[in-house]
Each structure stands twice: as structure tokens, then as C-alpha cells.
Amino acid sequence: MKLYNPQDVEQHAQKLWQDRDTFTVKQDSDKEKYYCLSMFPYPSGQLHMGHVRNYTLSEVIARFQKMQGKNVLHPIGYDAFGLPAENAAIKHKTAPAKWTYANMADMSEQFKRLGFAFDWSRQLATCDPDYYRWEQWLFVRLFKQGLVYRKDATVNWDPVDQTVLANEQVIDGKGWRSGAEVIRKTIPQWFLKITDYADELLAALDDMPGWPDSVKTMQKNWIGKSKGLEIDFEVPEFGSISIFTTRPDTLFGVSYMAVAPEHPLALQAAANNADLAEFLTQCSKEQSNEAAMATMEKKGKPTGLMAIHPLTGDKVPVWVANFVLMSYGTGAVMAVPGHDERDHEFALKYDLPIKRVIAGDGDIQATAETDYGILVNSADYDGLNFEQAFERMQHYFQQQGIGRLQINYRLRDWGVSRQRYWGCPIPIIYCDACGAQPVPESDLPVVLPEDVVFDDTGGSPLKKMPAFYETTCPQCHKSAKRETDTFDTFMESSWYYARYACPDYDEGMLSDEANYWVPVDQYIGGVEHAILHLLYARFFHKVLRDQGLVNSDEPFTRLLTQGMVLKDGAKMSKSKGNTVAPQELIDRYGADTVRLFSMFAAPPEQSLEWSDEGVEGASRYLNRLWHQVQEFIAKKHAVKPLNTENLSSEQQQLRYKIHQSIAKVTSDIAERHHFNTAIAAMMELTNALSKYDDNSDNGVALMHEGWLSLVKMLSPFVPHICQALWEDMQQPGLVAETDWPQVDETALVQDEVEMVVQVNGKLRARIRVSAEANQSAVEKIALAEDNVQRFVDGKTIRKVIVVPKKLVNVVVS
RNA sequence: GCCGGGGUGGCGGAAUUGGUAGACGCGCCGGAUUCAAAAUCCGGUUCCUUUGCGGGAGUGAGAGUUCGAUUCUCUCCCUCGGCACCA
């Protein structure tokens, strides 16, 4: 008997697929298309288990859909720009491009060794000028349409390395290399007006049934639409400040105002107040990310300025507070300590008055009451509820011209400038006379010089390359300077899915073929991308649509968010030393084993705990499968058609098992995406077939049907071994190109079913009854059971619940 | 802190619409095979109790709804992901 040698079997199958271009696809209007995509990887050089899991998931779906007769696109490429290449450049003294291209070649080799059904002809890399030129082209178009603007924004500045740091490079407020205290610095940067699309991005979520609710909820909360009033407060000696509030009903409870440290009012007040200026400096050293802002100690300083309450005319002090965000709303808030927890905490700390303006009987000095209620201590507005007060105030302020209805979003415009080298150059030229000018379309792409040397001083090499930045103004042709910032790498990952449809098209960003393939039918990637990447890509898609480049509204019809791969309960990482290299496992057990384990160990959404013993088990299963099928083949049975009219009860049972397994595996893959239970069902079928021993014509026909169905169903998971078994079973062509097995409903009809009998919800007996038995008959059989009688005896039967074909519950007291 | 997940045997997990808790696999235990071991095959395996039949408890903790809750509601604990410059 042939032995199972994974390395031979896998090489053989991979060569077949390559020679026959099995997974290269073309537009074909006769076939239903299916676009299956996993988020493309950053080319770090080493494939890790997260990748294996991610691409095996899309792989199984892609191969399954192909067997359903669809024209399946399953592409791969690289998200090639990014910070790690710059770090590697400094460390290894190589250019980021060289390092990146070498990594991509390595990873492609590893992908091929895993046998993934990718259409390699469509491979793309975002660092390729043929790719990013269209991103620059789009940016220029958006610039002309006013969807791009420049404004000041804060960055992390390392004063020793004289460089901008990414958030991840700031550790406990210090630069990761220099250890210097990082400060907030404000510099001009480019923004995309994603907020123009906020409403559509929000509303469309209600019509995306293929997305998990959790992701939709996160995006909804991230966009954070809220309705409130913008109200102007007079501030003598400054002018006026506008605040946004969703709770105008608490306006009479305002006892102070708070502005962000970067607010113009704060800056003016600090000009002749050394104490306040010192406080602002302190604030500039605090981290500006949201998590830090929310957890840090709330601190403030009075500015000495007073605001006039627009309804009472009272003077209330204006404070600077470290927790007010300049980037949200107007950078200033009214504080109502009686009915807002943060304001309350702040008021207690700085001994500011706390007033009750919403009816209630708690101690307002001790706890803020944030629920809606009836207004009190609010002059004419007393007795109104939230809606009434909101409406009257809106009306009043509008009439006075000092307030207006405002829809506010938590979502901020997308800052796309990065002060880094290894990214797509922003196609802008700065002219002293004409200002910021987009690079003319005919001059695109602005190519990133790849042959660079990194020194240790940090900062982008572009800033030291006159050959790159010295240019002329496209408007007045005088000498001008090119932008040396590059794009956020989320830009590239926001449209790559569409470019896979036409990766070599050089007459435009997207060809007509994009509308054949896009939207992606199934998108798969880590949950960590639930908000940023997926929101930016949705935004880009709508922008592309409005440019007439695609004709759909959303890029991803169905979304599957996979969990992380853990080892010993922690995320695999080099620093923890708990990594498992896929390559070693492939060498040892073969790609099929690695693929099988990664699909069997957990359902896709959950985190997956890596287990060496589990891998061993997967390998053992494949060996068992191989031997069982080979044993069946070795008997050289003449397979005759199954005579369904004449089946023994054992044959009926096996037939039931085969078809029930097909039904389960099909729905687990197609609908639930629970690949682990699909595999469990196939293991059960394997066990049933292994135990079965019947050399009659019907017996052989059933075994043949069973093994063949199993080989087909396992093939998306473990395609190499299945191709070998397929051939050994004398089947024509490729298992990858065959049809998925069909369920025969007649095999699923059963005349007897097992039911459980409970007394007061506790299991007391099991009964076998005819599938057609009516309720009273079932009830009678159930009550006749000895062990049921034991618990019913001497008690009154209150009622009997019968769930057909499942259970009987006798309620007694 | 805010938003979104997760918590079930020794371990990974299953239970699809409120209806048998623990499928499948790992590990472990016993047996077969072997000079012996590995590999393989067969059987057992939630805990407590019982010779056995059976009984009791049990899905992070606590409450609630229900004939019946791993599943629904509330409060709490632990843990993971995201928080706008990691990708």
C-alpha cells in the first residue's frame, strides 16, 4: 500500500495547479463571479501563523465557491509601504525598497508552499509607482474638487532626534530611541474631508447585512453623530467663544467654562500670565491620544477671563482644562457639574459651584445626575422636559443670532500627511507666489527615489535630497519646493481591492473590469481593522464612485473578522519568544496539516490558541484518512450503482450519515463560516466509514460515495492530499475543478427518532418513537418509563410540554 | 476612561431559533500489537457519590424572566481588540 508522503503529494498537486493555471481567472459574463479577499499583508519577511490563518480562511471559501461553479477571484499582493522598512534600513544599512522587495519574494515563496489558490498574475505591491501613481492622481482630482485641505495638526516631536514619532514609538511619553520627553508640536498637514461622507457612511451601515453587528456598532460609535446646539458665549476682553452641547436643557446649571490648551483664548490669556503659560507647556507634554486623555488626571487653571451666560447674564469663569480636545467640536465646553460626571469631578477638585437644574432627590453635591428629567431652577424653562427645553432654546438662540442647531460628529477629517520617507509622495508643490499647487496630471507619478541611505539622525531622507524637492511651480514656472511628506499607508490599503481587478491597467486608476469584480463578495481580516482601515476603505469606495470609477456604494459585501493566533494565552511576538514559524511545521508535517489545524482549532472570529499537540493530531488524522482510502482502493471493488430500494438498516444508517454530513459541511462553510465544526463532521464521517465493513454491491457503492464525497469536501481545506486520493480513486481531472457533492434529501428521512424525557426540567429517560407519532402518543410512552414514574409518583402532573422530535418535559408539583 | 468582543472538562473547542451541556480533537488511563519502545488499533475519560442501576452538582460571580437558560435581561469580576502616526 502507498504511504502518505506529504512533501511528494504537495509538490505534485502544486505543479498541476501551476501548469494548468487553475486559479488564474478572467472576466467571464457567463459565470457568476465571486470575489474572495483576505487583507493583504505587510511584507515583514516572515510569514506568521496569523497570515496562515487569514489566507487559509479565504482559501477555503474561494475553493468552495469554485466548486459551486463560480468564477472566483482570489488575489494576493503586498501593503508594501510602512515604518518597519525604515527601521530595518537603519538597522541593516539597506534601502527600504531593497529590503521590502526581498521580503515580498520570500513571502511569496512561503505562500506558494502552502498551496494557496491565488491568482498570482494579479499580484501587486503598493510601493510600485505603477500602483501609487493613481493614488496621487486621485488626490489631485480631490484637491481640485475641494475635498482636500491643509491645516495645522499636532504630531509627536522628539526634540533630541529632531523627528516626528508614530504613536507606537512613544513609550511612557518618551521617544523610543532617544528616551527624550516627547512634546506636542503643531505643523501644517493635508486632510481628506471624510466628514463630508459621515452621514452616508453612517446610514449605509443599516443596509449591510453581511457585516458583523459588532463592527457596525463600533463604526457607528466612531462616527458618533450627535445633535445639539452651538451656543456663543460673550467673553469681554476676548470676544466670544462657541461651545457645542447635546444638553442645552442643563444650560442654567453652567458654573464655569473650559477650553482646550490650544484654544486661542487660552493662548491669549497665557500671554501675560506666566502661571498659565507654564500650565500650557505642561499640557503640551501630555500625550494627546484619546486613551491617555481619558485616563489622565483632570487638571485645569483659571484664565482670569469671564464669560457671560447668555440667558442669565451671570459671569462664569473660563478655565483651561487638559481634558478638552481642540479637535472635537469647537475646542470649548460649557461645564454643568450637577449633571455631567467629568464636570462634577473637576468642580469638586477646584471647588466650583454645583447647581441642580434637573429635578431629582439625590445629593447633587455628591454625585452628578446625568439622566434626562424635568427642568428646575431654570427660570421660564422650569417644568419643561428635555425635548421641550431643547426646542425652545434652539428657537430663542436662533432668533437672537447667538446659537444654532448643530449636528456634530466625533469623526474627524483624515490627516494623511506623514513626515516619513517610505511612503507615497504627496503630489504637491509649494510656490512662494502661488501657494500650494497640485502636481499636474501629466507630471505624475511623483516617483519616490528608492536608492537612499539612512543615517541614524532620524527624519526623512527626502528632506535632504534637493534633487527630489527642487522643482518649478506648475503655475508661474518659478523655482518652487516639492512636498517631502508622504501619505499615510492607509491610503494605499483603501483601494487595492479594486485595483486587483486590473493591476496592469495603465490608462487609468481602474478599468471597466473593476465593475465586473467589485464589490468584494467576501472580505476577511483581523478585528483590529474593524474601524480605521475598514472605514477609510468604505470612504474611498464612495469617493471612487463619485469619480465614476466604480458603480457600487460599498466595497465589501460580506465581512469576516478573524481573531488572533495566541500561544500560551498571549499574542505571538518575538519579544515574548512564543512564536511558531509556519515554515518549520510545513517542513515537518506538510502544508495540509498546518492548514487543517489552523481551521480546526477554533471558529474564525475567535482567538486561536496554538498547540503543538493539536498539530500532531491534525497530521494523525490525515494519515488515517490516507490509509483508510488506500485500503478501500486496494480492495479493487467493482463499484455498481446504489440500489436505494433495497437497503439494509445499516446501509440506510450509513447513507444517512453521508448525506447528513454533506448537508452539515455545506452549511457550515457557506452560511456559518464555522470551519471547525465542518471538519469535526468530516472526521465523524471518516470514523463511520472506517468502521463500516460490507462487501455487498450496495455496501461498496455506499463506501465509494462516502469516500469520494469526503475527498471533495476536504479538498478546500487540504487540497494536496485530496488531489492525490482523487487520482488514486481513478477520478478524472482535478478535484479543485469538480462539483461540490449534492445532498439527497431522501437519505435524510428517518422513521424513528430519539427523544429525551424530563421531569421538572431534569433528564430522566430517553425514548425512541416513530417520527410521525402525535403528541399524546409521545406523552403516553414517556410517562410509561420506569424512571419517569419514580419522579412523578405521588405528585400532581401540572402540564406536559412536548417539543416534537426533541423532548418531553413533565411538570409536577 | 470610552467603544466592541470573549470567559464552558486537565487543554482547544461543540451545543445553528430558549429544549439531551461537553460533538470533534488533544491529553490522560486501560487493553491489543511488540523482545522492548515508538507508531498504530480498540475501549474509557466533567466533578462528587454509588459495586451496579441510579442520584447530586455544574457553562466567570450574583440576581431575574421561563415548564426549561451556556443561550434572554440586570449588576459585578477577569481578559482580549480598538481609541485616529503600528499595520
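To find a chain, count down the sequence lines: A is the first, B the second, and so on, and within it residues start at 1. Fair warning: this is a prediction, and the values are worked out from it, not measured in the lab.
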So, OP1 or OP2 of [N]: does either fall under 4.0 Å of a side-chain N or O from [X]?
| X | N | answer |
| --- | --- | --- |
| A:Asn676 | B:A14 | yes |
| A:Arg620 | B:G27 | yes |
| A:Gln606 | B:A14 | yes |
| A:Arg672 | B:A15 | yes |
| A:Asn787 | B:G55 | yes |
| A:Thr489 | B:A87 | yes |
| A:Arg764 | B:G55 | yes |
| A:Asn167 | B:C83 | no |
| A:Lys762 | B:C67 | no |

Looking for any heavy atom pair under 4.0 Å, which part of the strands does [X] touch: base, sugar-phosphate only, or nothing?
| X | answer |
| --- | --- |
| A:Tyr42 | sugar-phosphate |
| A:Arg798 | nothing |
| A:His627 | nothing |
| A:Tyr621 | nothing |
| A:Ser493 | nothing |
| A:Thr295 | base |
| A:Asn623 | nothing |
| A:Gln189 | base |
| A:Val155 | base |
| A:Lys805 | nothing |
| A:Leu566 | nothing |
| A:Ala291 | base |

Using purine N1 to pyrimidine N3 plus N6-O4 or O6-N4 for Watson-Crick, or N1-O2 and O6-N3 for G-U wobble, both under 3.5 Å, which nucleotide pairs with [N]?
| N | value |
| --- | --- |
| B:G52 | none |
| B:U75 | B:A61 |
| B:G4 | B:C80 |
| B:A14 | none |
| B:A32 | B:U40 |
| B:C67 | B:G19 |

Can you tell me the distance, in whole Å, between the [atom1] atom of [X] and the [atom2] atom of [N]?
| X | N | atom1 | atom2 | answer |
| --- | --- | --- | --- | --- |
| A:Leu325 | B:A84 | CG | P | 10 Å |
| A:Leu535 | B:A87 | CG | P | 17 Å |
| A:Trp610 | B:G25 | CH2 | P | 19 Å |
| A:Ile223 | B:A84 | CD1 | C1' | 13 Å |
| A:Met293 | B:G1 | CE | C1' | 12 Å |
| A:Met218 | B:C80 | CE | P | 17 Å |
| A:Ile524 | B:A87 | CD1 | P | 23 Å |
| A:Tyr4 | B:A39 | OH | P | 18 Å |

Look at the side chain of [X] and decide which nucleotide, out of [options], has an atom nearest to it.
| X | options | result |
| --- | --- | --- |
| A:Asn809 | B:G25, B:C67, B:A21 | B:C67 |
| A:Glu528 | B:G4, B:G81, B:A84 | B:G81 |
| A:Glu684 | B:G1, B:A23, B:C83 | B:A23 |
| A:Glu613 | B:A84, B:G12, B:G27 | B:G27 |
| A:Lys691 | B:G43, B:C67, B:G13 | B:G43 |
| A:Leu83 | B:U20, B:C86, B:A84 | B:C86 |

Strictly under 6.0 Å, is that where the ring centroids of [X] and [Y] end up?
| X | Y | answer |
| --- | --- | --- |
| A:Tyr496 | A:Tyr131 | no |
| A:Tyr132 | A:Phe487 | no |
| A:Tyr536 | A:Trp414 | yes |
| A:Phe490 | A:Trp495 | no |
| A:Phe40 | A:Tyr78 | no |

Mind checking the [atom1] distance from [N] to [M]? Whole angstroms is fine.
| N | M | atom1 | answer |
| --- | --- | --- | --- |
| B:U16 | B:G64 | P | 26 Å |
| B:G54 | B:G22 | P | 15 Å |
| B:U33 | B:C47 | P | 29 Å |
| B:A21 | B:A57 | C1' | 13 Å |
| B:U79 | B:A87 | C1' | 24 Å |
| B:G5 | B:U59 | P | 23 Å |
| B:G25 | B:U46 | P | 15 Å |
| B:U20 | B:A38 | C1' | 40 Å |

RNA chain B: 5'-proximal contact among A:Ser667 and A:Pro84 (nearest heavy atom):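 Counting from the 5' end, the first nearest nucleotide belongs to A:Ser667.
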Residue whose closest nucleotide on RNA chain B lies nearer the 5' end, A:Glu168 versus A:Lys806: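 Between the two, 5'-proximity favours A:Lys806.
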Exceeds 12 heavy-atom contacts within 6.0 angstrom, atom CG of A:Asp152: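 Counting other residues, nucleotides and ligands, CG of A:Asp152 exceeds 12 neighbours.
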Base orientation of B:G56, syn vs anti, 90° cut from 0: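 Glycosidic conformation of B:G56: anti.
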Carboxylate-amine/guanidinium proximity below 4.0 Å for A:Glu785 and A:Arg790: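 Salt bridge between A:Glu785 and A:Arg790, a charged N being under 4.0 Å from a carboxylate O: no.
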Electrostatic pair A:Glu290:A:Arg410 at N-O distance under 4.0 angstrom: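 Salt bridge between A:Glu290 and A:Arg410, a charged N being under 4.0 Å from a carboxylate O: yes.
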Minimum-distance pair of heavy atoms, taken over all atoms of A:Gly563 and A:Val527: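 The pair with the smallest heavy-atom distance is CA-CG2, 4.5 Å.
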Candidate list A:Thr217, A:Leu559, A:Leu560, test side-chain contact (heavy atoms from CB on, under 4.5 Å), partner A:Pro212, passing option: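 Exactly one candidate clears the test, A:Leu559.
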No-H, no-angle donor-acceptor pair, A:Asn221 side chain to B:C3 base, under 3.5 Å: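 For A:Asn221, whose side chain was compared with the base of B:C3, there is no donor-acceptor pair (under 3.5 Å).
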